[in-house]
Amino acid sequence: MEEKELQKAAETAAFIEKEMARLRKEAGESGDIVRERNRSFIAENPFGSVYGDSDALVRENEKIISEAEQKRAEVRLLEQVRKAPYFGRVDFTYADDNEQEEIYVGLKSLVEKRRFLVYDWRAPISSLFYFGELGKASYTAPGGEIGGEITRLRQYTFQNGTLKNYWDAQLHIDDAVLSDVLSGGAGEHMKPIVYTIQREQNAAIRYSAQRTLAVFGPAGCGKTAVGMHRLAWLMYQASTNSKPASTLMFTGNAAFRSYVSSVLPALGETNAIAVSFGELFERFLPGYSIQSALLQTQALLEKNAFRTENVKRIYDPAFIAQMEERTAQLPVKFKNIYILEDLALSAEVMEHRFHGLPPRVPVKNRLQTVADWVADELENYFLIHRKALLQTLLDRSEAGESYTQQYFRLRKRVLEGARHMAETAASDDPAGLLKETYLSFYGEDAFYTALCARIQNNELYFEDAAAMLYLSVRIGRSAEKYQPTHILIDEAQDYAPLQHHIIRALYPKAVFTVLADPNQGIAPAANTCAAEEIAALYGADTVTISKSYRSTKEIGAYAKRFLPPEAPDYELFDRSGPAPEIAVTPEAAAAAAEILQKAAEQGRSACVLLPTVKAAESFYRKLQSRFPACDLLTGEQQTLSGRPVCMPVSLAKGLEFDHVILPLSTKALPEDRVMYLMCTRALHGLHLLFDQNVPQRFL
């Protein structure tokens, strides 16, 4: 091992230890400062103080405490960084002056006296490690394009802070490193991939911060990791450009949210705010009991005829267009405004003003604009006709009554009444609008009657709530105060186009990163299963990742057989393992328990996947007595515990396990889309347990 590399590792480790000691000391001193300030204040003000003095003290203390907490967070990140302070090196010779720099790339920038010991993986110069090959190269810095030549690409492995190995590569990220990482066990949480980011993944991560991006790719290609790392990159870009950045992430269920929860903190960033459609419904449609997206999916997978038709009707593009048209042309009823019997402003003029505003603006916002205009017009009326109004009031006043006070009371009453009239000139009842639109589009039938009954009982299907929220947003009754600069939408194929319309309407100024694999849309009636449609809904640029890294070649190839003929092919990472095990047994629960026990003994994660919630609950009851150390996960609010789990496939989106067990009944075999999703959850072992003879398409 080169002495120079050992010295570099030692120098970096010493700097990290010194920085941690400094930050701990400063954080501790901050606490001492606050305590001393409080003691001094009490001593100087034994009988209390005016609010201004105490408020100033509290604000200053809060600032000191906040800065101290930031330093403690920095220490926590450095504790993580010192285990592996860097993982790559690029020797780069600049074209303009022929000067060479050894660029070390790691999780976080380490700077000693303005000298970079390590560059943050998100820094512009670090892109050379991910994009580069030996030879001519360049990177985009704030001042422009920097050209030169890469003369060395080196990779490193550390173990608990000790440099263990390094090697030079002609291309970045040696497959042996990636294979070693992928061969490891799946954990309870998603791991950062900064050490193994591939070129096509890096292209998506560093894509323009000003452009909405749709990232498509097969199961296991790293879309979610790319999305999370892109958020971290965007936060880094904002901090280096001194621009405020705020992020929001749409997720489907608590299990997935908990699975990805550690990624951003591990990258040194505050976790993004996460939200689901269920939470949007709770906030904007209070008072309604709304069935979950999970139950909607289960009804569709179980081929519930009534529910399937209801979903089809609500999500019909023509019906969505009808809702849009109805809210754009919502009838308004303005009233003439009279002041002392004289017409001050006619309903016709107000209506003309309303219809002159852009129809894309929510009705409530347009009414607010009209109300502001009406108030201004009436203010002018009172100013212009002040003398005449005062004279009229004087003539009508009785002895001892102040006609000037009457004038001001009249002015206040007219302005308040006119504003209220203008603001409420159109309906703001989304439930009523939904019933009216449905009736006019589909007519009065059993589905309309059932919809009215659900609304009357305050119990909605998921698709009902989506339509009602869309109407509520369109008319301006529901508006989001928090407007993030960037939004990440994972598993975008699981959302219906109507849901995408809602997101766009709630967050009109955001830049989006949309992640999707159309082949994982297991309930097409409620999904958006065309990449082109997803991209069009957001006006997004597109990046496609064409290689899957999750499963072994054997599992990946088996999963591919369940793709439709028109699905684009993709490459499998070259990592071998056992072929999928296919067995026929009348005792699937006993066979599954044996596999779970072996996985537990090896410290590997395992999951039993069933097509539906009912099937998962039924199989779990059989499994409990044979393998009690297994959890049942059938709710959107449940999280992974780290133990083996039995769950429906619709909750497994984005998750991965070392071993996946599929108990299959020949009487109710899953459709190909479901099988593809089930198989691609497995990293190392896939086990199919049939109750009878195996159908040909599974062999």
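Just so you know, these numbers come straight off a predicted model, no measurement behind them.
- Separation of the F562 and F698 ring centroids falls under the 6.0 Å cut-off.
- Checked by atom type and distance alone, the side chain of T212 pairs as donor or acceptor with a backbone atom of F512 at under 3.5 Å.
- Smallest separation of non-hydrogen atoms from V674 and V649: CG1-CG1, 3.9 Å.
- If you run ring-ring contact (aromatic ring centres under 6.0 Å, His included) between F87 and each of F129, W121, Y156, F158, only F129 comes through.
- Salt-bridge annotation for E133 and R199: present, with a side-chain N of the basic residue lying under 4.0 Å from a carboxylate O of the acidic one.
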Exercise for review: Determine, step by step, whether V645 and V608 satisfy the side-chain contact (heavy atoms from CB on, under 4.5 Å) criterion, reporting the C-alpha distance in whole Å, the side-chain angles of both residues, the deciding distance to 0.1 Å, and the verdict.
Suggested key: CA-CA 6 Å; V645 62; V608 183; over 6 Å; no
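- For the pair R673/C529, a side-chain contact is recorded, criterion being any heavy-atom separation below 4.5 Å from C-beta on.
- Between the side chain of T297 and the main chain of A293, a donor-acceptor pair closer than 3.5 Å is present.
- No hydrogens or angles considered: nothing links the side chains of S548 and E571 as a donor-acceptor pair under 3.5 Å.
- Judged by a 6.0 Å distance limit and a 45° cone about the ring axis, K560 is positioned over the six-membered ring of Y570.
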Exercise for review: Go through the steps for Q597 and F627 under the test side-chain contact (heavy atoms from CB on, under 4.5 Å), then give the verdict.
Suggested key: CA-CA 8 Å; Q597 183 61 45; F627 191 82; 3.3 Å; yes
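- Separation of the Y495 and F277 ring centroids falls under the 6.0 Å cut-off.
- Residues E200 and S546 have side chains that bring a donor and an acceptor to within less than 3.5 angstrom of each other.
- At distances below 3.5 Å, not a single donor-acceptor pair connects side-chain atoms of T552 with backbone N or O atoms of H684.
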Exercise for review: Evaluate side-chain contact (heavy atoms from CB on, under 4.5 Å) for D490 paired with F250, printing each intermediate quantity in order.
Suggested key: CA-CA 6 Å; D490 198 22; F250 271 87; over 6 Å; no
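- Shown here for R681 and L655, the closest heavy-atom pair between the two residues is NH1-O, 3.0 Å.
- One finds the NE2 atom of H486 at 8.5 Å from the OG1 atom of T247 (value rounded to the nearest 0.5 Å).
- For D658 (side chain) and S605 (main-chain N/O), a donor-acceptor pair under 3.5 Å exists by modelled atom type.
- Y538 and H500 have their aromatic ring centers within a separation under 6.0 angstrom.
- Shown here for P663 and L610, the closest heavy-atom pair between the two residues is O-CD1, 3.7 Å.
- A 4.5 Å side-chain heavy-atom check between R307 and E309 finds every atom pair outside the cut-off.
- One finds the SG atom of C607 at 8.5 Å from the CD1 atom of I661 (value rounded to the nearest 0.5 Å).
- With L688 as the partner, the side chain to side chain contact (heavy atoms under 4.5 Å, CB included) test is satisfied by one option alone out of E581, M675, M678: M675.
- The nearest pair of heavy atoms linking T680 to A559 is CG2-CB, 3.6 Å.
- Q155 places no side-chain N or O within donor-acceptor distance of the main-chain N or O of Y166, the cut-off being under 3.5 Å.
- Within the 4.5 Å cutoff, the side chain of L664 has heavy atoms near those of the P670 side chain.
- Once rounded to the nearest 0.5 Å, the distance linking OG1 of T639 with CG of D631 reads 9.5 Å.
- Under the 4.5 Å side-chain criterion, counting only non-hydrogen atoms from C-beta, V215 is not in contact with R230.
- Side chain of Q624 to backbone of R621: no donor-acceptor contact under 3.5 angstrom is found.
- Side chain of R211 to backbone of Y207: no donor-acceptor contact under 3.5 angstrom is found.
- Partner of K653 under the side chain to side chain donor-acceptor pair (under 3.5 Å) criterion, chosen from T251, T224, D494: D494.
- Although no hydrogens or angles enter the test, the distance criterion places no donor-acceptor pair under 3.5 Å between the side chain of R550 and the main chain of A682.
- Remark: L689 CG to S665 OG distance equals 12.5 Å, nearest 0.5 Å.
- Counting heavy atoms from C-beta on, the side chains of H659 and Q602 come closer than 4.5 Å.
- With a 4.5 Å cut-off on side-chain heavy atoms, P586 and D691 do not count as touching.
- Ring orientation note: the planes of F281 and F462 are nearly perpendicular, at an angle over 60° on the 30°/60° scale.
- Side-chain contact, N165 with T157: no donor N or O sits under 3.5 Å from an acceptor N or O.
- When all heavy atoms of M228 and L264 are compared, the closest pair comes out as O-CD2, 3.4 Å.
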Exercise for review: Dump the intermediate steps for side-chain contact (heavy atoms from CB on, under 4.5 Å) on I489 and I487, then the final yes or no.
Suggested key: CA-CA 6 Å; I489 304 175; I487 295 177; 4.0 Å; yes
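- Considering only heavy atoms from C-beta on, D672 comes within 4.5 Å of R697 through its side chain.
- Residues V694 and V584 are in side-chain contact: their nearest non-hydrogen atoms beyond the backbone lie under 4.5 Å apart.
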Exercise for review: Could you give me the CA-CA distance, side-chain angles and deciding distance for R575 and E554, then say whether salt bridge (Lys or Arg N to Asp or Glu O under 4.0 Å) is met?
Suggested key: CA-CA 9 Å; R575 180 174 67 87; E554 290 76 6; over 6 Å; no
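- Note: Y470 OH to Q499 CD = 13.5 Å, rounded to the nearest 0.5 Å.
- Of the possible polar contacts, one joining the D120 side chain to the R122 backbone as a donor-acceptor pair under 3.5 Å is found.
- Distance CG/N527 to CD/E491: 10.5 Å, rounded to 0.5 Å.
- Between the side chain of Q201 and the backbone N or O of C221, at least one donor-acceptor pair lies under 3.5 Å.
- There is a side-chain donor-acceptor pair under 3.5 Å between N310 and E463.
- Contact between V543 and A204 at its shortest, heavy atoms only, is CG1-CB, 4.1 Å.
- Heavy atoms of other residues, nucleotides or ligands lying less than 6.0 angstrom from CD of E671 number 12 at most.
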